Amino acid sequence: MLKIYLGNMENAIYHPPTYFDNRYEDEWITNELSIRIIKAVDKSEVISSHLIQSPVLGTISTKELSGSVKTLMLMAFDQSGKVFNASVCGDDCAKWILSIGKSKDLTINLRHIMDFGEEDFEIEEDAIALDGVVVSANRSETTRRMAPTLVNVVDLKLFETTNSSTLSQGLNFQPGVRVETNCQNCGFQQVRINGLDGPYTQILIDSRPVFSALSGVYGLEQIPASMIERVEVMRGGGSALFGSSAIAGTINIITKEPLRNSGQLSHTITSLGGSSSFDNNTSLNASLVTDDHRAGLYIFGQNRYRSGYDYDGDGFTELPKLKNQTVGFRSYLKTSTYSKLTFEYHHMQEFRRGGDMLNRPPHEAHIAEQLQHSIDGGSLKFDYFSPDEKNRLSVFASAANTDRDSYYGPGNDPLKAYGKTTDLTAMGGAQYVHTFDKCLFMPSDLTAGLEYNRDRLKDNMWGYDRHTDQTVNIYSAFLQNEWKNERWSILVGGRLDKHNMVDNIIFSPRANLRFNPTQNINLRLSYSSGFRAPQAFDEDMHIENVGGTVAMIERAKDLKEEKSQSFSASADMYHRFGVFQTNFLIEGFYTRLTDV
């Protein structure tokens with residue numbers, strides 16, 4: 001069966017001809033299929049495993065065959081499980097790709113639209129996306145089938161099918177994840193994984209932890225679906241991969257990358273509970289890619305207006321009034337055959353108001369919670385792949401700045417309840433991956449990296465003389481090795497974090513075992529750890545403000561980090577009944593928290 005992954009796939013072999021020159025075997029050349037491919041594509045004859053007779057160049061060596069022929073032979077004979085970039089082939093490769101896909105299970109990466117001709121062939125959607133690509137399991141792109149730990153994916157189709165315009169709406173349809181609204185005035189939402197509160201879940205943007213404690217308060221509803229390619233959800237401790245707060249699980253938001261020249265404009269209007277309150281959402285996106293696919297730009301924008309919704313008619317909102325605008329882009333530039341720069345930027349502007357008397361200033365209402373957000377975020381990444389595809393280096397930096405004007409208060413002491421919060425989060429680092437043909441007993445990928453994270457938060461409520469000034473610095477190093485083939489995966493790794501609010505260095509280990517008795521049965525055992533450092537800022541303080549009292553949090557001396565030990569086991573089974581694709585998952589987990 002032929003499976004095609006359309007778009008940039010980082011761990012695919014980007015330049016198969018170079019990979020072929022270092023890996024091919026003599027018997028490939030004299031195979032009957034190769035002889036036919038060489039004759040059809042290169043118009044040449046095979047003399048021996050080392051000599052080819054070309055009508056143009058005369059007698060040539062095997063390494064002088066065309067890139068198309070080399071790529072096709074890799075698809076047919078390579079047993080490493082690698083996915084090859086088929087975009088180096090011309091359209092004359094299409095019929096051969098179809099032929100190879102009929103004789104074996106073949107997954108290829110296409111970065112342009114290939115003309116498969118007029119001959120009929122069957123095509124169907126992979127509804128379960130077992131061979132879809134994920135990065136959250138081991139910080140490198142791999143298929144879900146081969147991932148060392150269970151990763152669930154909320155894809156673009158689910159957002160469209162469920163009319164979900166924001167991240168929080170889409171996550172509602174992911175099993176094992178619960179999104180709940182904890183304040184009817186401001187609409188504060190949190191996501192629960194494995195039963196734990198929202199602060200125990202790490203939220204990432206393109207695998208980077210720039211989603212701070214402040215961003216997480218309203219961020220689930222601020223991130224528009226128009227900037228999301230997919231959302232990966234990994235349950236259990238993930239601090240060995242992504243650092244602090246990855247105790248209950250990890251939610252990784254992968255932003256869209258340009259694939260082809262296209263554009264889309266849409267508008268939806270939704271009635272809230274059949275009432276006269278409506279949620280209006282307009283989104284626009286466009287994708288531009290050069291003919292040689294060396295550069296691309298994806299632009300997105302979204303405008304949302306939701307009326308305040310009063311379910312029981314008591315004059316107080318159950319859902320706050322909301323005005324939200326988002327614009328941004330993601331682009332890439334291939335600086336050479338083996339290197340690429342990726343840029344991402346987004347700006348969000350949001351106004352939300354809940355309580356009563358929504359058209360009056362907040363201090364004139366009986367109860368009001370009003371917030372004005374201005375958020376800017378972006379990232380820069382440089383990727384390099386060695387010609388033999390054995391070494392990969394990524395250098396990256398990300399930042400996000402949140403500026404928030406707020407009012408949390410009752411009407412009996414109105415002017416004191418105004419406040420302002422600023423939060424700047426920045427991180428940078430590097431990651432190196434080396435692929436061993438055999439490390440002790442099996443092929444493996446060794447991953448190592450360094451990261452630095454900084455967060456500066458200032459929270460002021462002048463009327464109550466409440467001031468918070470918190471700076472977090474984290475220095476991190478991680479190392480892991482994954483032995484893997486199509487049947488087994490054994491991963492052992494760990495991460496060291498030095499947090500400026502904790503005296504000791506924090507060590508977070510992990511171990512994962514995957515066994516595939518058949519292609520459609522995945523059995524997994526996992527152990528992972530997580531931690532969450534103490535901090536002085538907690539968004540729950542605003543609840544006290546609305547009640548007319550003021551709460552202050554002061555960190556005690558010698559506080560320890562909260563730590564978790566997580567164990568999980570799962571059996572993931574897939575079966576096809578004709579055109580129907582089914583998935584049956586059994587999963588159990590145990591998490592132990594200490595120093596809470």
Side-chain angles (χ1 to χ4, degrees), residues 4-22 41 63-72 74-75 82-94 97 107-116 133 135 140-141 156 206-208 227-230 254-264 285-300 328-346 378-398 430-433 435:
I4 300 173
Y5 182 88
L6 184 62
N8 290 329
M9 185 177 179
E10 292 184 5
N11 274 9
I13 303 299
Y14 178 73
H15 196 253
T18 302
Y19 185 87
F20 175 92
D21 290 344
N22 291 282
V41 178
K63 290 189 176 182
E64 293 176 276
L65 287 166
S66 69
S68 295
V69 167
K70 292 177 179 180
T71 302
L72 289 170
L74 284 170
M75 293 178 186
K82 300 288 187 182
V83 177
F84 298 101
N85 173 24
S87 291
V88 300
C89 295
D91 288 339
D92 55 351
C93 292
I97 293 174
T107 300
I108 65 171
N109 177 212
L110 267 180
R111 307 186 183 205
H112 75 290
I113 304 301
M114 179 174 282
D115 184 2
F116 282 91
V133 174
V135 298
S140 295
E141 286 191 337
L156 180 61
D206 289 323
S207 302
R208 311 293 174 231
M227 70 179 284
I228 298 173
E229 175 67 31
R230 65 183 187 275
I254 307 300
T255 58
K256 283 186 180 179
E257 189 164 288
L259 298 179
R260 54 191 174 274
N261 295 326
S262 62
Q264 183 180 28
N285 61 69
S287 179
L288 302 171
V289 181
T290 60
D291 292 339
D292 59 3
H293 291 264
R294 295 188 65 86
L297 175 67
Y298 176 78
I299 304 171
F300 60 88
F329 72 89
R330 175 167 172 158
S331 64
Y332 69 85
L333 173 65
K334 294 177 181 175
T335 53
S336 72
T337 303
Y338 304 106
S339 60
K340 184 176 77 167
L341 275 170
T342 304
F343 313 86
E344 188 272 332
Y345 170 77
H346 60 269
S379 65
L380 173 65
K381 183 175 70 163
F382 174 75
D383 293 301
Y384 171 77
F385 302 81
S386 64
D388 62 1
E389 303 283 349
K390 287 187 176 182
N391 300 282
R392 302 188 296 276
L393 175 67
S394 295
V395 181
F396 47 83
S398 299
Q431 176 177 301
Y432 171 73
V433 180
T435 298

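Quick caveat: nothing in here was measured; it's all calculated off a predicted structure.
- Side-chain atoms of Thr18 never come within 3.5 Å of backbone atoms of Pro387 as a donor-acceptor pair (strictly under, hydrogens ignored).
- Closest approach of Glu257 to Tyr298, counting heavy atoms only: C-CB, 4.4 Å.
- Smallest separation of non-hydrogen atoms from Thr71 and Pro17: OG1-CD, 4.0 Å.
- One distance of note links SG of Cys93 with CE of Met75; it measures 7.0 Å at 0.5 Å rounding.
- Using modelled atom types, one side-chain atom of Ser287 and one backbone atom of Arg260 make a donor-acceptor pair closer than 3.5 Å.
- Taken from CG in Leu74 to CZ in Phe84, the straight-line distance is 4.5 Å, to the nearest 0.5 Å.
- Rounding to the nearest 0.5 Å gives a distance of 12.0 Å between SG of Cys89 and NZ of Lys70.
- Of all non-hydrogen atoms in Leu259 and His293, the two that sit nearest each other are O-CE1, 3.9 Å.
- Checked against salt bridge (charged side-chain N to carboxylate O under 4.0 Å, His left out), Lys63 has no partners two or more places apart in sequence or in another chain.
- A pairwise comparison of heavy atoms in Arg392 and Thr435 identifies NH1-OG1, 3.6 Å as the closest pair.
- Between the side chain of Asp206 and the backbone N or O of Thr255, at least one donor-acceptor pair lies under 3.5 Å.
- Asp388 is linked by a salt bridge (charged side-chain N to carboxylate O under 4.0 Å, His left out) to nothing, counting only residues two or more places apart in sequence or in another chain.
- Across all their heavy atoms, Ser68 and Val41 have their closest contact at CB-CG1, 4.1 Å.
- Here the CG atom belonging to Leu156 is positioned 11.5 Å from the CZ atom belonging to Arg230, to the nearest 0.5 angstrom.
- Considering every non-hydrogen atom in both Leu341 and Thr335, the closest pair reads CD1-CG2, 4.1 Å.
- Put simply, the side chain of Asn85 never gets that close to the backbone of His15: no donor and acceptor are under 3.5 Å apart.
- A 4.5 Å side-chain heavy-atom check between Met227 and Glu344 finds at least one atom pair inside the cut-off.
- Here Ile108 contributes atom CD1 and Leu72 contributes atom CG; the two are 9.5 Å apart, rounded to the nearest 0.5 Å.
- In this structure, OG1 on Thr290 lies 11.0 Å from CG on Leu297, to the nearest 0.5 angstrom.
- Within a 6.0 Å radius of CG in Asp291, other residues, nucleotides and ligands contribute 12 heavy atoms or fewer.
- One N or O on the side chain of Arg294 and one on the backbone of Lys334 form a donor-acceptor pair closer than 3.5 Å.
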